[in-house]
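This report concerns only the one structure given below.
A, B, ... follow the sequence lines: proteins, then strands. Residue 1 opens every chain. Since the model is a prediction, treat every value here as computed from it, not as a measurement.
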Amino acid sequence: MNKLWRLLGRRLLQFLPILVFATFVVFGLLQLVPGDPALSLAGDYASTQRIAEIRHEYGFDQPLVVQYGIWLWHAMHGNLGLSLFSSEPVTQLIEDRLPNTIMVAVYALVVASAIGIPLGVLAATRSGSKIDSFVTSTASMGVALPSFWLAMILALQFSLYRHWFPTTGAADFFTDPAGAISHATLPAIALAVGVVATLARQVRSDLLEVLNQQYMRTLRAKGLSNGAILWKHGLRNVSATLLTLTGLQVNRLFSGAVVIEAVFAIPGVGSLVSYSAINKDFPVVQGVVLVLVLIVISVNLFVDIITALLDPRVTAST
Amino acid sequence: MLSRAGTGKTTPMSVAAGKVSDSEKQVSTSALLDVRDLSVSFRDDAGWVQMLNNVAFTVKRGETLGIVGESGCGKSLTALSVMGLLPKRGCRRTGAIVFDGRDLAALGESGMRQIRGRQIGMVFQEPMSALDPVFTVGDQIAETVRTHFPVSQREAKERAVEALASVRIAGPANCATQYPMSLSGGMRQRVMIAMALVCEPKLLIADEPTTALDVTIQAQIMELLLELGQRTGTALLFITHNLGLIAESCERMIAMYAGEVVEDGPVESILQRPLHPYTAGLLESLPGRRAPKSRLSSIPGRVPSAREMPVGCRFGPRCNYAAAACQEPQRLRAVDDRHVRCVRASDLALAGAGV
């Protein structure tokens with residue numbers, strides 16, 4: 001237990017530098033993008049003096065580090081600034097749109113785990129069989145399949161031709177759960193396919209390795225059934241790597257959401273960040289990145305804790 | 001010496017008398033395990049290869065039987081066959097394995113599950129990798145109990161702690177909460193023994209239980225195995241490549257070579273006068289039997305590969321006493337108090353260990 005606390009403490013200490021570093025990198029990168037937000041803010045016929053005023057007003061004339069420091073200070077107080085274009089508070093923009101993104105990402109993760117993990121188990125227990133080669137080859141294909149392409153095929157087939165699902169938009173999960181699910185189904189499937197393939201492949205190879213360990217023979221010598229050996233001992237032994245991998249998929253799902261939200265015109269943080277970046281709406285991009293980094297780090301922290309609880313070797317090795 | 005003095009169980013070798021061939025071995029009523037004509041083949045890319053050839057032996061109730069032989073002679077394969085732990089695919093097993101009146105070879109997988117862990121326990125060679133790393137040792141022992149007895153979780157845990165105490169682990173209750181990685185090799189092997197014996201099986205198969213341990217621990221573990229076997233009346237099938245350990249611990253032994261039993265009899269008389277040149281070679285190779293600093297003796301040549309088995313005596317190509325008759329396939333024949341697979345057994349005078 002002590003070891004677990006120490007692990008937790010260390011992870012939390014790593015949390016902060018990662019957060020500062022990630023947001024600073026994004027802040028710096030935005031400066032490299034060609035174009036000047038003050039120019040677009042001022043409009044086509046503004047005088048040089050007006051542009052200089054706007055620069056000063058928004059703090060664009062300050063050194064980069066100072067600008068970043070000011071932003072960070074405000075962020076720590078829950079103020080992510082205003083959008084340069086709509087003048088809405090960034091926190092409000094994110095609050096409106098984040099639930100739609102989370103809906104799609106969580107939906108995709110649930111679908112992917114529910115299909116990918118059992119497929120991997122099936123392939124591992126029947127290694128060398130036709131089922132195994134089918135899963136392995138389909139998974140290789142699934143990994144290579146671009147999600148945006150799949151998204152367009154799905155939209156064409158199942159919403160434009162067959163009208164099973166709405167083509168665009170989103171609904172609030174709490175006021176209209178059925179609507180939210182039906183809106184999120186196609187985007188979630190498009191996102192899930194790659195994750196299914198990754199999970200199935202990894203579960204297969206990890207489980208195969210565990211099933212060939214010496215202790216599996218001990219378990220059989222104890223008189224355990226194959227079911228107990230596989231589901232209790234086999235899965236518990238791969239749980240650590242499996243959870244870590246699933247945690248990494250969360251990052252992948254959020255980055256994939258940027259493209260998928262564009263295809264399905266979902267008002268999520270993905271589409272928000274993509275057009276804000278095009279418009280050089282710095283505060284919005286910064287705010288979204290901050291929130292996404294927070295989510296990803298929290299998910300990984302959570303995964304670390306669960307992993308440590310499931311597998312004693314994790315705490316021992318850190 | 002860890003002799004089992006005073007057991008009073010050294011019954012006259014009942015199998016020694018009659019004419020016994022490979023296929024018709026007498027079943028003594030006291031035989032707990034009677035393995036008859038056990039053959040095992042594996043399939044690889046080039047076809048089937050026979051790894052065990054008509055292996056036959058018996059283990060009596062409460063007895064300690066040693067199986068000795070070089071690596072690859074089929075000792076472990078014999079043990080795994082008895083446990084029904086051979087791979088399902090690419091493996092063929094024939095013959096009978098009569099345990100406590102039932103033929104295990106004819107028993108299905110679910111029937112075997114009732115036997116494994118409950119009637120026959122097994123301890124493996126590698127204590128470092130034989131335990132599941134993500135469960136505490138207490139849980140792992142309790143799991144064996146719960147698999148075979150309808151007891152509560154708590155009672156199973158209590159039995160696990162008792163089992164750990166019986167293998168003389170200090171602080172058994174604390175040890176039960178430990179994960180295998182925090183235990184030493186000797187401790188883990190004690191845990192394995194506790195786990196194998198927790199359901200009080202009638203037979204314990206120990207496959208090289210001390211090979212991976214250092215010498216001082218080896219002696220402790222052997223002593224423990226023998227003592228527990230004696231106390232609970234569990235028969236012990238002890239597999240090793242170390243003839244010295246067999247000399248110290250077993251009543252009867254069989255020597256295996258290239259997938260066959262070559263000699264079978266009481267340990268004492270085999271040590272005094274081995275009948276098979278291979279057994280004699282093993283005795284010869286024991287260190288400490290010769291003058292210090294002289295070269296260790298070894299048997300020339302190598303075990304033939306399973307694909308290139310000689311038609312005649314399998315030991316023939318390495319044997320100093322090979323004669324014309326050795327070109328014929330050899331069967332196990334009864335000579336004096338034992339069985340030996342050598343046509344010249346009666347006319348050779350081979351050197352014993354001089355004990």
Side-chain angles (χ1 to χ4, degrees), chain A residues 1-4 7 123-133 206-244 304-318, chain B residues 76 79-80 82-90 109-137 139-149 177-182 188 191-192 195-196 198-199 201 204-205 207 212:
Chain A
M1 266 304 135
N2 265 338
K3 275 181 183 163
L4 189 61
L7 176 85
T125 49
R126 300 201 167 75
S127 106
S129 71
K130 279 183 181 144
I131 298 174
D132 179 28
S133 42
D206 284 356
L207 191 60
L208 215 50
E209 198 190 318
V210 164
L211 291 179
N212 284 323
Q213 295 287 320
Q214 300 268 321
Y215 55 78
M216 286 291 148
R217 198 174 56 181
T218 311
L219 296 173
R220 290 182 68 199
K222 283 162 72 169
L224 292 191
S225 68
N226 287 336
I229 292 175
L230 176 66
W231 296 108
K232 183 175 173 189
H233 293 270
L235 279 196
R236 180 73 173 267
N237 269 282
V238 298
S239 62
T241 43
L242 185 58
L243 266 169
T244 309
D304 279 346
I305 295 167
I306 303 285
T307 309
L309 287 174
L310 282 175
D311 192 333
R313 289 169 297 185
V314 173
T315 37
S317 63
T318 49
Chain B
S76 296
L80 292 176
V82 171
M83 288 294 276
L85 291 179
L86 296 172
K88 284 191 193 67
R89 272 183 291 174
E109 174 63 22
S110 66
M112 270 318 288
R113 280 208 299 272
Q114 320 271 313
I115 302 283
R116 292 186 204 125
R118 174 70 190 90
Q119 307 284 353
I120 309 178
M122 187 154 180
V123 176
F124 295 96
Q125 175 173 351
E126 284 294 336
M128 302 314 266
S129 54
L131 289 164
D132 189 331
V134 300
F135 288 90
T136 64
V137 300
D139 280 344
Q140 294 190 53
I141 300 173
E143 186 180 35
T144 311
V145 178
R146 299 251 299 165
T147 304
H148 298 290
F149 297 101
T177 65
Q178 301 285 311
Y179 290 96
M181 62 180 176
S182 51
R188 287 186 208 194
V191 169
M192 282 298 292
M195 196 156 80
V198 69
C199 293
L204 177 66
I205 301 177
D207 186 1

Test item: A:K222 side-chain N/O and B:M195 main-chain N/O as donor-acceptor pair under 3.5 Å: no
Between CG of A:N226 and CZ of B:R113, what distance do you get to the nearest 0.5 Å? 6.5 Å
Hey, are the side chains of A:Q214 and B:F124 touching, using non-hydrogen atoms and a 4.5 Å cut-off? no
Interface check, chain A: of B:E143, B:E126, B:R118, B:M122, most non-hydrogen pairs under 4.5 Å belong to B:E143
Tell me, side chain or backbone of B:M112 under 4.5 Å from chain A's heavy atoms, or both, or neither? neither
Best-contacting candidate, B:G117, B:G121, B:S129, B:G84, against chain A by heavy atom pairs under 4.5 angstrom: B:S129
Heavy-atom closest contact (B:T147 atom, A:G223 atom, distance): CG2-O, 3.5 Å
What part of B:Q114 gets closer than 4.5 Å to chain A, counting heavy atoms only: side chain, backbone, both or neither? neither
Return the CZ to CE distance between A:R220 and B:M83, rounded to the nearest 0.5 Å. 9.5 Å
Part of A:L310 within contact of chain B (heavy atom distance under 4.5 Å): backbone
Turns out that what part of B:T144 lies under 4.5 Å from chain A's heavy atoms comes down to both
What part of B:I205 lies closer than 4.5 angstrom to a heavy atom of chain A: side chain, backbone, both or neither? neither
Which atom pair, heavy atoms only, marks the closest approach of B:A130 to A:T218? O-OG1, 2.7 Å
Under a 4.5 Å heavy-atom cut-off, does chain B meet the side chain of A:S225, its backbone, both or neither? both
More than 12 heavy atoms from other groups under 6.0 Å of CD on B:E109: yes
Under 4.5 Å to a heavy atom of chain A? For B:L131 that would be backbone
Considering only heavy atoms from C-beta outward, does the side chain of A:R236 approach that of B:D132 to under 4.5 Å? no
Under 4.5 Å, counting heavy-atom pairs only, tell me which of A:R217, A:Q213, A:M216 racks up the most with chain B. A:R217
